[in-house]
Amino acid sequence: MIKINENFQKLQASYLFSDIAKRVAAYEQANPQKKIIKLGIGDVTRALPDACVKAFHAAVDEMAADASFRGYGPEQGYGFLREAIAKNDFQARGANIDADEVFVSDGAKCDTGNFQELFSTDIRVAVPDPVYPVYVDTNVMAGRTDTWSDGRYQGLVYLESTKENGFVPDLPQESVDLIYLCFPNNPTGATATREQLRQWVDYARENKALILFDAAYEAFIQDPDLPRSIFEIEGAREVAVEFRSFSKNAGFTGTRCAYTVVPKDCMAYTSSGEAVAVHALWNRRHTTKFNSVSYPVQRAAEAVFSEQGREQIKALVAYYMDNARYIREHMSKLGYSCIGGENSPYIWIEGGMGSWEFFDLLLNEAGVVCTPGAGFGKCGEGYIRISAFNSAEKVKDAMARIEQALR
Ligand code: PLP
């Protein structure tokens with residue numbers, strides 16, 4: 001008899017986006033003349049940068065001729081891309097990362113989800129609350145939690161991000177082994193200072209823990225004093241892995257390219273306390289289960305680091321950040337307390353009412369769709385997330401509607 005992995009039955013169905021879709025459909029049916037503006041999703045809306053498109057086309061042409069055709073590439077990614085990443089994203093910022101510590105992949109979603117496979121099922125896992133749900137659900141699937149009760153999985157340590165701690169969680173009281181951190185944060189838009197990250201790195205070193213640092217929104221950091229990588233923090237090479245993506249900075253959400261940095265100094269331990277290089281484990285896992293990203297996509301990603309690519313990406317990020325600023329300014333003017341939107345494309349807004357109540361208010365009174373914070377965890381209750389990923393025209397229109405409706 002074929003038996004299932006019963007951990008899957010512990011998973012809570014995520015009703016967040018289907019509930020949103022249902023409410024939007026009901027609104028549209030009742031108000032067929034009114035056009036909805038969607039500021040709820042985390043997907044980009046603008047075309048790929050021209051430099052990437054040109055590189056993409058050129059690589060497709062290479063694939064069309066026998067002489068330049070390429071089949072399977074290195075599982076970890078082509079050297080040209082790994083080197084461009086190490087040089088531009090890390091070495092240029094004083095972070096000591098080598099090309100062979102970079103693993104190219106088809107998404108930070110898969111990498112953040114898969115990385116936990118390297119570790120024992122009896123470790124203590126700490127996740128932020130509110131949280132990007134992938135960190136939680138993949139640990140549930142792996143059997144690292146007990147059942148769901150009172151809005152949380154028993155057995156996980158929740159790192160609460162609240163107004164009181166500025167949405168950067170405090171160090172846990174208990175000892176944990178695997179720590180998920182995400183800055184700039186989805187959904188709160190909060191960022192962590194160098195000093196705050198240093199505390200986490202020190203904690204991990206003291207506890208022989210590992211930090212999985214999700215920097216998918218790094219490109220949106222505007223403040224030059226904020227760290228863009230955890231590897232800017234001394235000692236992080238021993239205790240941290242970093243996830244990055246071309247999805248949000250270069251519009252690759254549909255094209256798919258990301259990467260994970262695993263420093264060779266990073267260690268995990270056998271039950272008898274023997275140190276094992278996490279790099280070797282991930283390399284084994286990656287080469288066994290993954291055949292890398294298509295050649296044209298890797299060439300398109302490489303173009304992000306060309307002179308033109310860099311400028312085009314800067315303009316793309318600036319476009320979304322203008323939206324973010326506009327949203328934050330307008331919601332603040334209406335008296336709402338906002339966080340994010342200064343170094344991230346998300347604005348986290350306290351509504352002074354339940355998340356879904358606030359969602360319904362914006363939908364029914366202004367025809368604007370946001371994301372209720374409660375969908376990201378207990379600490380998200382009372383908040384909504386507004387995304388800057390839309391056209392400037394729609395963002396302006398949405399804010400004018402909200403202002404008119406809520407003033
Ligand atoms: N990490 C965070 C925090 C995200 O919000 C997202 C996407 O929304 C991802 C990772 C996924 O990125 P990718 O498109 O590279 O899979």
Side-chain angles (χ1 to χ4, degrees), residues 14 16-17 20 38-46 48 52 77 81 85 89 102-116 126-139 159 161 167-169 179-192 211-221 228-230 240-261 286 290 292-294 297-298 300-301 304 313 316-317 320 324 340-341 343-348 370-371 373 375-377 379-380 385-390:
S14 173
L16 179 63
F17 289 100
I20 292 174
K38 292 187 176 166
L39 297 180
I41 40 168
D43 197 358
V44 294
T45 54
R46 304 201 69 203
L48 290 175
C52 300
L81 180 56
I85 290 167
D89 279 352
V102 174
F103 292 83
V104 175
S105 80
D106 60 357
K109 183 177 190 176
C110 330
D111 287 352
T112 54
N114 290 330
F115 215 86
Q116 49 74 31
V127 293
D129 180 1
V131 68
Y132 176 56
V134 174
Y135 316 152
V136 174
D137 288 359
T138 51
N139 276 290
L159 304 169
S161 310
F167 301 93
V168 178
I179 302 157
Y180 290 81
L181 293 178
C182 174
F183 293 109
N185 189 264
N186 178 16
T188 69
T191 47
I211 298 170
L212 298 184
F213 189 76
D214 188 342
Y217 296 95
E218 158 278 330
F220 296 87
I221 294 178
R228 286 169 169 258
S229 164
I230 197 159
V241 163
E242 183 164 304
F243 305 99
R244 294 255 188 128
S245 174
F246 294 99
S247 281
K248 312 293 164 113
N249 63 342
F252 274 51
T253 52
T255 309
R256 310 306 302 146
C257 197
Y259 64 89
T260 291
V261 179
H286 199 72
F290 190 60
S292 204
V293 176
S294 80
V297 168
Q298 292 194 59
V304 163
I313 268 143
L316 207 50
V317 167
Y320 292 127
N343 295 289
S344 92
Y346 298 126
I347 301 95
W348 189 241
C370 63
T371 314
F376 298 100
C379 293
R385 186 192 75 177
I386 294 190
S387 158
F389 293 128
N390 213 319

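Read the numbers this way: they start at 1 and go in the same order the structure lists the ligands and their atoms.
Exactly one residue among Tyr132, Tyr346, Phe183 makes a ring pair (Phe, Tyr, Trp, His ring centres under 6.0 Å) with Tyr217. That residue is Tyr346.
Shortest contact from atom 8 (O) of ligand 1 to any protein heavy atom: Lys248 NZ, 2.7 Å. What sits closest to atom 14 (O) of ligand 1 on the protein, heavy atoms only, is Ser247 OG, 2.6 Å. Remark: minimum distance from atom 11 (C) of ligand 1 to any protein heavy atom is reached at Tyr132 OH, 3.3 Å. Distance from atom 12 (O) of ligand 1 to its nearest protein heavy atom, with residue and atom name: Ala108 CB, 3.7 Å.
You'll find the side chain of Ile386 stays beyond 4.5 Å of the side chain of Trp348, heavy atoms only. Here the side chains of Asn186 and Arg385 are in contact, with some heavy-atom distance below 4.5 Å. Considering only heavy atoms from C-beta on, Asn343 stays 4.5 Å or farther from Phe220 through its side chain. Using a 4.5 Å cut-off on side-chain heavy atoms (C-beta onward), Pro130 and Pro187 make contact.
For the atom pair CD of Glu242 and CD1 of Ile211, the computed distance is 11.0 Å after rounding to the nearest 0.5 Å. Taken to the nearest 0.5 Å, the CD atom of Gln298 stands 4.0 Å off from the OG atom of Ser292.
The closest approach between any non-hydrogen atom of Asp214 and ligand 1 is below 4.0 Å. Ligand 1 has no atom lying under 4.0 Å from any heavy atom of Gly42. Under a 4.0 angstrom heavy-atom cut-off, Phe243 registers as lying outside contact with ligand 1.
You'll find the ring centres of Phe389 and Tyr320 inside the 6.0 Å limit.
Considering backbone and side-chain atoms together, Thr253 places no N or O closer than 3.5 Å to any N or O of ligand 1. Looking at Asp106 next to ligand 1, no N or O pair under 3.5 Å apart turns up.
In summary, the atoms of ligand 1 found under 4.0 Å from a heavy atom of Gly107, numbered by their order in the structure, are 15 (O), 16 (O). For ligand 1 and Lys109, the ligand atoms under 4.0 Å from any heavy atom of the residue are 11 (C), 12 (O), 13 (P), 16 (O).
Looking at Tyr217 against ligand 1, only its side chain comes within 4.0 Å, counting heavy atoms.
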